[in-house]
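Predicted model, so just to flag it, every value in this text is computed and none were measured.
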Amino acid sequence: MARLRFLVALWAAKATRLGLRLLRRRGTQVPGRVALKLCPGFLAQVGRPDRVLAVTGTNGKTTVCNLIIDALQLDSRRVLANDYGSNTLVGLCACLAAGASWTGRSRHDIAVFEVDERSSRLIYPHLPPDLLVVTNLFRDTIMRNAHTEFMVDFLNSAIPAQTELILNADDLISSALAPANRRCHFALGRLDSDVTESENLIVDITCCPKCQTELVFDYRRYHHIGHAHCPACGFASPQAEYLGQPVDLTGRTMAVLEAGQSWPYRLVSDSLVNAYNQMAAIAALRRLGLTHDRIAQLLAQVSIVATRFGQVEAGGVTIMTQLMKDENALACSRVFDHVRRYPGRKVVVAATNYFAYSKDWSENTYWMWCADFEFLADPSISQLVLWSPRIEDVLLRLLWAGCDMSKVEVARTEAEAAELATLDPEQPLFILYSMDGLPFAERTRRRLVARAQAQAQAPVPAEALDRAEAATPAPVEAVRP
Amino acid sequence: MIVEALFPERCSLYADLVNAQYLVRSAPDLELRSTALGQTPLFATERPALISLGSMTESAQEQVAARLRPWRERLEELIEAGVCLLATGNALEVLGARIEREDGSGFDGVGLFPTVARRDLTHRHNSMFLGRFEDSREDTKIVGFKSQFSHSWALPGAAPSHLFEVTRGAGLQPGCPGEGWRRGNFMATYLLGPLVVMNPGFGRRLLALMGVEDPHLVFEDQIEAAYRVRLAEFEQPGRSFDY
């Protein structure tokens with residue numbers, strides 16, 4: 001009877017998926033909901049591939065998943081993967097239903113699942129992963145994840161004893177997860193940009209988790225990411241089996257050390273965060289049995305998913321779009337830091353805050369006071385164009401950050417944001433967008449591309465030539481709505 | 001005049017420290033000093049204009065309560081002397097009589113307020129808050145946010161002494177007409193994070209209570225503009241307060 005119930009649920013899920021596709025609807029969760037409604041134990045009964053790899057963590061899990069999936073598919077493996085966004089129980093059920101045969105057997109060699117941290121307890125007991133990559137654990141959205149101690153306790157209660165962990169040795173919080181489990185660590189070696197004092201507002205671990213003595217950071221990369229030790233009890237960051245060293249972000253190269261040997265890699269992006277993501281993917285692929293030479297060859301063919309990081313050239317202007325995941329103050333800080341460190345002067349068009357929230361309730365803006373808006377005050381950012389439903393809060397935060405407000409322009413409409421931005425081939429332009437700001441980013445990029453192309457074809461105005469000759473561009477008047 | 005930030009390395013989970021920082025930057029006579037968890041509090045020997053304590057993890061609550069309990073008598077003296085204290089988020093609970101876990105176990109708070117907190121880590125309460133802050137000189141509308149695993153109740157027989165009057169949203173516990181607790185100038189609220197930044201009128205009143213003459217807040221025009229927008233949103237009848 002239980003078997004029949006499962007099969008009915010499976011077929012219903014498959015039929016729902018087919019129906020949605022015929023209607024050209026995405027609906028990644030709906031078939032999973034149908035399956036669970038008809039058979040609550042669906043996840044435990046549906047066929048699983050030979051190996052299951054899960055990726056979780058506060059930041060980077062989508063990128064790490066995509067790198068692993070792309071590499072494995074290029075390696076001709078049959079990979080089952082949950083689509084972008086469907087990293088909860090219903091999403092995984094939908095994915096497994098789609099990937100199973102009509103009798104419920106798996107048709108794939110391996111499953112690579114992105115798993116939302118808060119969904120761990122619902123998923124892992126029924127689908128224990130063979131390998132679990134934890135990218136990092138940081139303070140995340142206040143409403144669901146509260147704080148890192150809560151998330152550590154939550155994950156520790158969910159991770160099955162048989163699961164092997166792939167952990168970030170440079171993250172003192174996630175590297176200590178499920179201490180009884182088999183594990184390996186990845187890390188990045190010393191960088192020229194390392195510091196010892198924190199530049200960030202958020203530091204989620206400052207005291208030794210064993211004896212509460214203040215930790216000493218031998219070097220710090222950002223927030224609590226780095227290498228630390230306790231001067232009292234000897235607690236220290238773990239040693240990494242997979243170490244990226246040296247790392248050349250500008251030249252986009254990295255060597256990976258393992259057991260005393262070194263292999264060259266091309267970095268998939270020039271950001272430090274993505275270097276960590278790539279190291280996590282390399283460690284996972286190594287645990288799946290691929291050689292370094294093969295992994296390097298495969299990763300040289302993949303790129304970061306364009307919805308989160310994209311770059312186009314138009315009329316000589318480099319235009320980059322980047323998701324900043326507002327409400328997740330740390331993710332915003334990482335993006336602001338990346339923009340700040342990007343070589344040369346640059347222009348930023350930022351759509352901050354959730355647009356959907358402004359209709360029905362009010363966004364809790366505490367995160368803006370945790371995020372390092374100070375990085376946007378960096379003099380290398382010559383113009384900051386803002387489009388936000390919480391513009392007054394953003395302006396206050398920038399004032400507090402010591403930002404030169406003469407470089408700030410406030411767009412009264414979405415279209416105006418693209419009009420106000422300075423297009424200068426000497427200055428790359430960043431479009432930063434919030435979690436529901438992707439449509440804005442895409443439309444703004446199209447407008448800017450059109451403007452840049454038109455500008456490149458038009459004769460160069462005299463004032464633009466004057467500006468190009470000046471040591472610093474003229475300050476831009478702030479415009480208030 | 002000194003503003004003492006207690007244990008900022010553990011007690012500023014949601015930017016709560018910005019309250020003290022904003023007040024200090026608004027008044028040149030104020031100086032911010034931080035006390036780490038392992039240090040003797042400054043208030044033990046001095047009389048700060050303000051003591052601030054912000055949101056913390058559940059394990060930190062236990063450590064902070066243990067750290068402050070020996071200073072209860074001194075804190076009582078400071079209340080009598082009119083010293084200001086601002087506790088935000090679950091720091092409120094630490095100043096109360098007791099914090100109880102789901103299984104009935106718990107630990108004592110500092111005991112300054114006759115309140116008991118009950119924790120439920122399986123249910124996080126998230127909501128908006130609209131209320132009023134009334135004292136002898138001020139009647140200010142308060143806006144803020146809550147995100148917490150616990151609520152508090154007054155101990156049986158304790159006379160209510162809430163910090164804010166509830167207009168919309170949850171009080172000390174859902175349904176309670178008052179939010180937070182106040183004893184003298186010791187003020188505690190579940191509203192977390194940068195409360196002063198969201199409520200310039202409350203911030204100015206706090207400065208006045210701290211002894212700052214002609215109190216003004218830094219970036220006053222902008223902080224007022226942000227407050228007006230938020231208050232207008234919170235006062236719209238159709239706004240959902242729970243999420």
Exercise. Given a strict heavy-atom distance threshold of 4.5 Å, which part of R230(B) is in contact with chain A: side chain, backbone, both, or neither?
Worked result: both

Exercise. Quick one: what part of Q148(B) sits under 4.5 Å from any heavy atom of chain A, side chain, backbone, both or neither?
Worked result: neither

For this session: Using the six-membered ring wherever Trp is involved, compare the ring planes of F138(A) and Y222(A) and label them parallel, tilted or perpendicular (cut-offs 30° and 60°).
Result: tilted

Exercise. If you tally heavy-atom pairs under 4.5 Å against chain A, which of D16(B), I223(B), L37(B) wins?
Worked result: I223(B)

Exercise. Strictly under 6.0 Å, is that where the ring centroids of F150(A) and F149(B) end up?
Worked result: yes

Problem set entry | Side chain, backbone, both or neither of L192(B) within contact of chain A (heavy atoms, under 4.5 Å) | side chain

Problem set entry | Toward chain A, the part of Y227(B) with a non-hydrogen atom under 4.5 Å | neither

Problem set entry | F241(B) versus chain A, the contacting section by heavy-atom distance below 4.5 Å | neither

Problem set entry | E58(B) portion near chain A, given a 4.5 angstrom heavy-atom threshold | both

Problem set entry | Donor + acceptor pair across side chains of S174(A), N168(A) (<3.5 Å) | no

Problem set entry | Test: R118(B) and E100(B) ion pair at under 4.0 Å | yes

Problem set entry | Region of V218(B) in contact with chain A, defined by heavy-atom distances below 4.5 Å | side chain

Exercise. For W367(A), is it the side chain, the backbone, both, or neither that has a heavy atom closer than 4.5 Å to a heavy atom of chain B?
Worked result: neither

Problem set entry | E233(B) portion near chain A, given a 4.5 angstrom heavy-atom threshold | side chain

Exercise. Side chain, backbone, both or neither: which part of Q212(A) has a heavy atom under 4.5 Å from chain B?
Worked result: side chain

Exercise. For F154(A), is it the side chain, the backbone, both or neither that has a heavy atom under 4.5 Å from a heavy atom of chain B?
Worked result: neither

Exercise. For S55(B), is it the side chain, the backbone, both or neither that has a heavy atom under 4.5 Å from a heavy atom of chain A?
Worked result: neither

Exercise. If we ignore angles and hydrogens, is there a donor and acceptor under 3.5 Å between the side chains of D372(A) and N200(A)?
Worked result: yes

Problem set entry | Segment of T206(A) engaging chain B (4.5 angstrom heavy-atom cut-off) | side chain

For this session: Would you please say whether a donor-acceptor pair under 3.5 Å links the side chains of S362(A) and R239(B)?
Result: no

